[in-house]
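Here is the structure we will look at, set down as structure tokens.
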Amino acid sequence: MHPALSVIFFTVVSGAGFGLVILTAGLGVLGGVPGLGATGILTALLVGVVLATAGLMASTLHLANPRNAWRAFFRFRTSWLSREAVFSVLFYPCVALYMFGLWRTDGAHGIGMSLVGLLVLLLALATVFATGMIYASLRTIPQWNSPLVPTNYLLLSLASGAVLLTGLTVAFGEPPAVAATLALVLLVTAAMAKAVYYFWIGKPQGPTINTAVGPTRARIKILESGQSSDSFLNREFSYEAAAERILRLRLVVYLCAFLLPFVLLVLLLGTDGAALSLALALVAPVLLMVGLLAERWLFFAEARHVVNLFYGRQQC
Amino acid sequence: MKLGLVIDTDTCVGCHACVVACKQWNTSGTLGPLTDYQPYGKEPSGVAFNRVRTYEVDTYPNNKTINMPMSCMHCETADCVTVCPTGASFKRAEDGIVLVDQDKCMGCNLCAWACPYGARELDEAVGTMKKCTLCVDRIYDEQLPEAERQPACVITCPTSARTFGDLDDPDSQVSRLVRERNGYQSMPELGYNPVNHYLPPRHKPHAETTPGASLPSLTERFKSWLDKAVVR
């Protein structure tokens, strides 16, 4: 699949934003984010909302006819893209109400505030899940048609949210023990899920050219594609990255998205110096974002659409 | 009704007449125009509803060339319709034709991603998704003589490799062809249940030969050789 930059940016950035909101609201409902006061929690929520919004805005850039984008809310019953749009729009009034409440009560969570916080958390989770399901629901792309895909989207969103929360806690000059520990656990879990995904897509197991062109076990090869230059189908679906490049980018993913942030956060937990803490806590999210952009680029570049079978690929 | 096409890969010669007829009819049809990009440039391309690709099946001496025209299969389980967030893509209840409402489409490409057969192509100039309409603006046109109320690709095919009809009706010509000639669907394992069917090549692996007369006996052959060899 052709890796579209607007969609890569959207899924990574809004995933991190929603992850930050999920963790902040979740910890808030459980009794407050350790180390952060009302101002800190409000800042975390605001950063999360800004990131989510930036991502959602970017996602409209890949529409060929954005004038009709408002119609995307009307097929909630069948379309995951529509569900994503509805959840993300419902999220805004809820998170605004939650932030207003936090500001009024100075961070105290009564029953009402807990319910609103829970609603914010659920809507953010639902949005990220719907993003993953847009891809996982496509039977035409074997590398995406798996429960591992929404799992990865959720775990990476939560892990990046936790690393951001750690950075914010340190920026407010507070001890980041709880946020950093949470981030470490989520990073390890997300890394394992991603490793399972890479292992799972390693071997082509989708439809073959034999069932696409004709029910025969004989060898089939394309003689003539019937077109003198690439069409929309080739430009959209036939993107193929060199194996060496894929391998190198996977290394970037493992290093920047998982290993280095993990090491930085472990160092952060062990250090007392304020300047060093701040440096560690700010470098970790930057590295993570670089790693996740590479991860999302690979997610598209490694996906093989079955329409390629008609252009001569033997298996998808 | 399940309107669709049955395409005979045994008689299709890959002449692309259906591709041209389709483009000619539909570029001014309900979903038109079918934009061309750089039509006189170095790499001309453009939107098409119908494409013919050619394959070699098996290896020498059993190899065979097969032409496979592909347009929308008007699937019974059309995922392109369920993934559409705007409701622009729809499948007509009365005849099963899958269409795109050009006034509602926002050009997100998700339906093209969901289609295994490459039937949907984004018109980059207009910004909406375009696809085969099964010539919905021909087959119901009562101004046309009844014999011409068929898709443009079917009418134009010089070898009559394409047949149009109702695959829900067991007595229709298309249903009979599928039954008698072992018609198959492309990628049935994906579960889209495409309505269009393809007919495999007829099973005639070698040219027919007639056995010659049996050889004369050895004495006869020796005598005829002797007649030719000995010159008086």
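Numbered from 1 within each chain, the chains take letters A, B, ... in sequence-line order. This structure is a prediction, so every number in the text was calculated from the model and none was measured.
Contacts with chain B were tallied for A:I209, A:T60, A:L63, A:N145; A:L63 has the most, counting heavy-atom pairs under 4.5 Å.
The contact between A:D230 and chain B is made entirely by backbone atoms, counting heavy-atom distances below 4.5 Å. For chain B, the nearby part of A:H305 is the side chain; its heavy atoms alone come within less than 4.5 Å. In this structure, the portion of A:S228 lying under 4.5 Å from any heavy atom of chain B is its side chain and not its backbone. Using a 4.5 Å cut-off between heavy atoms, A:E236 contacts chain B through its side chain alone, with no backbone atom that close.
Taking B:D36 as the reference, B:K23 meet the salt bridge (Lys or Arg N to Asp or Glu O under 4.0 Å) condition, with sequence neighbours excluded.
Shown here is B:E94, whose CD atom has more than 12 heavy atoms of other residues, nucleotides or ligands within 6.0 Å.
Counting heavy atoms from C-beta outward, B:R51 and A:S231 have side chains that approach closer than 4.5 Å. At least one side-chain heavy atom of A:F232 sits less than 4.5 Å from a side-chain heavy atom of B:N109.
In terms of heavy-atom proximity, B:M106 sits nearest to A:A69 at SD-CA, 3.6 Å. Here the shortest heavy-atom pairing between A:A218 and B:V57 reads CB-CG1, 4.1 Å. Heavy atoms only, all atoms of each residue included: A:F237 and B:A112 are closest at CZ-O, 3.3 Å. A:P207 approaches B:L190 most closely through the heavy-atom pair CG-CD2, 4.0 Å.
For residues 71-82 of chain A, a heavy-atom distance under 4.5 Å to chain B picks out A:R71, A:A72, A:F73, A:F74, A:R75, A:T78, A:S79, A:L81, A:S82, given by residue number. Inspection of non-hydrogen atoms places A:I134, A:Y135, A:S137, A:L138, A:R139, A:T140 of residues 125-140 of chain A under 4.5 Å from chain B. Using a 4.5 Å cut-off between non-hydrogen atoms, no part of residues 5-20 of chain A approaches chain B.
Taking OH of B:Y117 as the reference point, atom CG of A:L233 lies at 14.5 Å (rounded to 0.5 Å).
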